[in-house]
Amino acid sequence: QLQLVESGGDLVQPGGSLRLSCVASGPTSEYYAIAWFRQAPGQEREEVSCINFRDSSTYYPYFAKGRFTIYRDNAQNTVYLQMNDLKPEDTAVYSCAASRRFKQNVGGYRQSDFDSWGQGIQVTVSS
């Protein structure tokens with residue numbers, strides 16, 4: 001399995017921006033996709049974005065389109081999540097996860113497809 005370490009979580013005001021980082025160590029060549037998930041208190045974990053580790057194709061759910069950008073730096077084994085125009089409803093614990101399953105459609109991954117998870121970091125959007 002990969003070891004994933006997130007950083008960049010913080011308290012930010014509504015309308016602000018954050019960049020989260022997910023550094024991977026281990027057998028990265030065995031993995032095809034990395035995704036960001038989030039879980040707010042009392043709610044189910046939901047996918048925020050996903051990137052194909054080979055061709056950089058990306059997926060965003062409706063609430064992330066136009067505000068969030070996922071991108072990778074393969075040389076640094078790092079995947080970033082740039083979040084702009086943050087809203088209070090974006091408050092959650094954000095985690096990155098990696099999958100060894102190949103899917104033609106990067107939007108077709110399920111949470112069960114991811115077998116390596118980071119510990120998560122807190123993002124709080126509040127004035």
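Only a predicted model underlies this, so the values are computations on that prediction, with no experimental measurement involved.
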List, one per line, each side-chain donor-acceptor pair under 3.5 Å for residues 10-26, sequence neighbours excluded.
{"unit_1": "S17", "atom_1": "OG", "unit_2": "N84", "atom_2": "OD1", "d": "2.9"}
{"unit_1": "R19", "atom_1": "NH1", "unit_2": "Y71", "atom_2": "OH", "d": "3.1"}

Y80 side chain vs D73 backbone, donor-acceptor pair below 3.5 Å: no
Would the distance check show the side chain of E6 and the main-chain N or O of Q119 forming a donor-acceptor pair, the cut-off being under 3.5 Å? yes
If you measure from CG on L4 to OG1 on T78, what distance do you get to the nearest 0.5 Å? 10.5 Å
Within the supplied structure, the quantity of interest is the number of heavy atoms (other residues, nucleotides, ligands) at a distance under 6.0 Å from K87 NZ; does it exceed 12? yes
Return the set of residues passing side chain to side chain donor-acceptor pair (under 3.5 Å) with Q39 (not counting sequence neighbours), or none when no residue passes. none
Hey, what do you get for CE (M83) to CH2 (W36), rounding to the nearest 0.5 Å? 8.0 Å
With a cut-off of 6.0 Å (strictly less than), are more than 12 heavy atoms of other residues, nucleotides or ligands near CD of Q104? no
Is there a side-chain contact between V123 and R38 in this structure, where contact means two heavy atoms from C-beta onward sitting under 4.5 Å apart? no
Say whether D115 and Y31, considering side chains only, have a donor N or O and an acceptor N or O under 3.5 Å apart. yes
Closest non-hydrogen atoms of R101 and Y32, given as atom of the first, atom of the second and distance, are O-CB, 3.5 Å
Quick one: does S99's side chain have a donor or acceptor within less than 3.5 Å of a partner on D113's backbone? yes
Any link between V106 and V48 through a network of hydrophobic side chains (Ile, Leu, Val, Met, Phe, Trp, Tyr) touching at under 4.5 Å? no
I'd like to check the side chain to side chain donor-acceptor pair (under 3.5 Å) partners of S57; sequence neighbours left out, ordered by chain and number. D55
Are any side-chain N or O atoms of R72 and backbone N or O atoms of R54, one a donor and one an acceptor, separated by less than 3.5 Å? yes
Which pairs pass ring-ring contact (aromatic ring centres under 6.0 Å, His included) with one or both residues in residues 82-101, sequence neighbours excluded? none
Determine the minimum heavy-atom distance between I34 and A98, stating which atoms define it. CG1-CB, 3.9 Å
In this structure, CD of E46 is separated from CZ of F63 (nearest 0.5 Å) by 4.0 Å
Treat each ILVMFWY residue as a node, draw an edge where side-chain heavy atoms are under 4.5 Å apart, and state whether I121 and L86 are in one component. yes
Quick one: list whatever passes side-chain contact (heavy atoms from CB on, under 4.5 Å) with T58, sequence neighbours left out. I51, Y60, I70
Within the 6.0 Å centroid threshold, strictly below: F114 and F37: yes
Distance in Å, N52 CG paired with K103 NZ, rounded so as to fall on 0.5 Å steps: 12.5 Å
I'd like to know if the side chain of Q76 and the backbone of N74 have a donor-acceptor N/O pair within less than 3.5 Å. no
So, using disulfide (SG to SG under 2.5 Å) as the criterion, who are the partners of C50 when residues are at least two apart? none
Please tell me if the side chains of L81 and S49 come closer than 4.5 Å, counting only heavy atoms from C-beta onward. yes
